[in-house]
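Below is one structure, written out as structure tokens, with a few remarks after it.
All figures in this text were calculated on a predicted structure; none of them were measured in a lab. Atoms within a ligand are numbered from 1 in the order they appear, just like the ligands themselves.
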Amino acid sequence: MGKYIMALDAGTTSNRCIIFDKKGEIKSVAQKEFTQYFPQPGWVEHDPAEIWSTQVGVGMEALVRIQLDPCDIEAIGITNQRETVVMWDKNTGKPVYNAIVWQCRRTSKYCDWLKEEGYTEMIRQKTGLIIDAYFSATKIKWILDNVEGVREKADRGEVLFGTVESWLIWKLTKRKVHATDYSNASRTMLFNIHTLEWDQEILDLLDIPRSILPEVKPSSGHFGEASYFGEHIPITGAAGDQQAALFGQTCFSPGEAKNTYGTGCFLLMNTGEVPVESKNGLLTTIAWGLDGKVNYALEGSIFVAGASIQWLRDEMHLVKDAAQSETMANQVEDTSGCYVVPAFTGLGAPYWDQYARGTILGITRGVNNNHVVRATLESIGYQVYDVLKVMEQESNTPLKFLKVDGGASANNFILQFQADIINAPVHRPKCVETTALGAAYLAGLATGFWKDQEEIRKNVALDRSFEPAMTSERREKGIKEWHKAVKYACGWAEDII
Ligand SMILES: Nc1ncnc2c1ncn2[C@@H]1O[C@H](COP(=O)(O)OP(=O)(O)O)[C@@H](O)[C@H]1O
Ligand SMILES: O=P(O)(O)OC[C@H](O)CO
């Protein structure tokens, strides 16, 4: 048995490799950001070749850093930005187009058409999802319809589709395995989450050939052998990053929830073996397939969280690095009445407005950089508040505290404000890399590296609890004004796209 599990975490802005030991402790990390392409307003793309090269690169780097022999690695777990579409030529192995990223809005009008034609209920009932450009289905259709020659090739069975983990599995196994897992399949808007099969009615509606789709497997189990890191290492875990984080936070029982602050922000609650329907803008999704069973979750998806801090850094040049946002926010008492709604790619849960766009409101003569930075950080807390309220209502489970993780959870200001606004404690674990950890756990359970979930629960350790300290008057005023700001952001790009 190997001593470690390797987790490959293919995120939206960077790829990481983290090597974990049996206690769930990090032994080695390597990370690399990759290029974001914005070819038109509202469009977002990645280069699949760059995703691949950076992912393999960080894998090698993490091994070399602690001079590990590949034999020491028991298994690989993969986790990934979800919904993002990669399509490639089966014969040459080359992508037929850039990856269309989950944030991309190019298919909004087609989604409007699907809604106008009355498909909302059918899609929700089968897939658990709300019709939106966010999901893979309409992005796949866009490539088939708009990239020259791709539909003909696909009709000849020469094109494959995958979300990012599927692309990586195919490459890692030297083109032998074309597979995905239940959690990722459930984000495509093509997968029936009840029958656990690709849905022919939706495939016909969107004119997507079944031959391009990967085989769907449990999230914990044998996917294939990776032959890139020296030895053949089995890939035994794969899950979408948000579901992997739910697993990494050990939210194994119904009612347990976590919130991940990465590029976006995703609040997921385990609902056990029962798919819970949402009436108020949450998604029903598959959490994971494990031990011959499927676990479901309710999800509130917020499209922009940490990405707004990258915007402050890269576009607005208000901060030199993400950590500086905390210092700046703490230099002022409040935002001086300023609100930022970071609806750069529309608004997800609970608003689902494809045409909302970013707004800065309430600027007066005294508003300075610190206020704008603080308002941007606060917008993350407010968005999570909105989703949390719906989650509590629909699950009938008032949250006693919120478990958090992800890159932006390093920011103490965000987490204190979060505790203040939801009026409940916020718990940050020692290891905030729970996405990678979840993928490692799924991989390690499949090989017996970890015996069971109880053994894994023993690895949990708290770093800090943020306690609510805001007056109810201030909280209520902030929430009210935030909702007013959201109204101004909604619908902005309706006649612009
Ligand atoms: N100290 C910080 N304060 C606020 N945001 C941060 C901080 N450190 C990182 N971030 C944000 O976290 C995000 C990266 O988190 P990560 O979990 O790696 O996301 P992803 O998997 O989506 O790429 C970035 O958007 C970055 O702006
Ligand atoms: O890259 P992240 O961590 O913000 O996650 C992206 C989500 O998977 C999109 O659904």
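In this structure, Thr127 contributes its side chain and Ile123 its backbone to a donor-acceptor pair below 3.5 Å. For the pair Gln243 (side chain) and Ile286 (backbone), a donor-acceptor distance under 3.5 Å is present. A donor-acceptor contact shorter than 3.5 Å is absent between the side chain of Asn369 and the backbone of Val372.
The closest approach between Arg16 and ligand 1 falls below 4.0 Å for a heavy atom of the residue. Using a 4.0 angstrom heavy-atom cutoff, Gln310 counts as in contact with ligand 1.
Among protein heavy atoms, the minimum distance from atom 23 (O) of ligand 1 is reached at Thr13 OG1, 2.7 Å. Summary of contacts: the protein heavy atom closest to atom 1 (N) of ligand 1 is Ala323 CA, 3.7 Å. Looking only at heavy atoms of the protein, atom 22 (O) of ligand 1 is closest to Thr263 OG1, 2.5 Å. Looking at atom 27 (O) of ligand 1, its nearest protein heavy atom turns out to be Gly306 O, 3.0 Å. Gly407 O, 3.6 Å is the protein heavy atom nearest to atom 9 (C) of ligand 1. Remark: minimum distance from atom 7 (C) of ligand 1 to any protein heavy atom is reached at Ala322 CB, 3.4 Å. For atom 12 (O) of ligand 1, the nearest non-hydrogen atom of the protein is Ala408 N, 3.3 Å.
Shown in contact with Ala307 at under 4.0 Å from a heavy atom are these atoms of ligand 1, numbered in order with element: 25 (O). Close approach to Ile309 involves these atoms of ligand 1, each under 4.0 Å from a residue heavy atom: 4 (C), 5 (N), 27 (O).
For the pair Thr12/Gln103, a side-chain contact is recorded, criterion being any heavy-atom separation below 4.5 Å from C-beta on. Looking at Leu172 and Phe223, their side chains never come closer than 4.5 Å, going by heavy atoms from C-beta outward.
Within 6.0 Å of CD on Glu333 lie no more than 12 heavy atoms contributed by other residues, nucleotides or ligands.
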Taking it one step at a time, do Glu50 and Lys32 satisfy salt bridge (Lys or Arg N to Asp or Glu O under 4.0 Å)? CA-CA 11 Å; Glu50 194 184 356; Lys32 194 160 172 28; over 6 Å; no
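Checked against a 3.5 angstrom limit, the closest N/O atoms of Asn411 and ligand 1 fall inside it.
Under 3.5 Å, the side chains of Asn423 and Arg475 contain a donor-acceptor pair of N or O atoms. Side-chain contact annotation: Asn412 with Arg428, donor-acceptor N/O pair under 3.5 Å present.
Of the heavy atoms in Ala305, none comes closer than 4.0 Å to ligand 1.
Remark: Ala245 engages Lys258, Thr260, Asp405, Thr434, Thr435 in a side-chain contact (heavy atoms from CB on, under 4.5 Å) (not counting sequence neighbours).
With ring centers used as reference points, Trp88 lies under 6.0 Å from Trp167.
In this structure, Phe401 and His427 have parallel ring planes: the angle between them is below the 30° cut-off, well short of the 60° mark.
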Ligand-protein N/O pairs under 3.5 Å (ligand 2):
from, atom 1, to, atom 2, distance (Å)
ligand 2, 1 (O), Thr12, N, 3.3
ligand 2, 1 (O), Thr12, OG1, 2.4
ligand 2, 3 (O), Asp241, OD2, 3.1
ligand 2, 3 (O), Gln242, NE2, 3.4
ligand 2, 4 (O), Thr263, N, 3.1
ligand 2, 4 (O), Gly264, N, 3.1
ligand 2, 5 (O), Asp241, OD2, 2.8
ligand 2, 5 (O), Gln242, NE2, 3.2
ligand 2, 8 (O), Arg82, N, 3.1
ligand 2, 8 (O), Arg82, NE, 3.0
ligand 2, 8 (O), Asp241, OD1, 2.6
ligand 2, 8 (O), Asp241, OD2, 3.4
ligand 2, 10 (O), Arg82, NE, 3.2
ligand 2, 10 (O), Arg82, NH2, 3.0
ligand 2, 10 (O), Glu83, OE1, 2.6
ligand 2, 10 (O), Glu83, OE2, 3.3
ligand 2, 10 (O), Tyr134, OH, 2.7

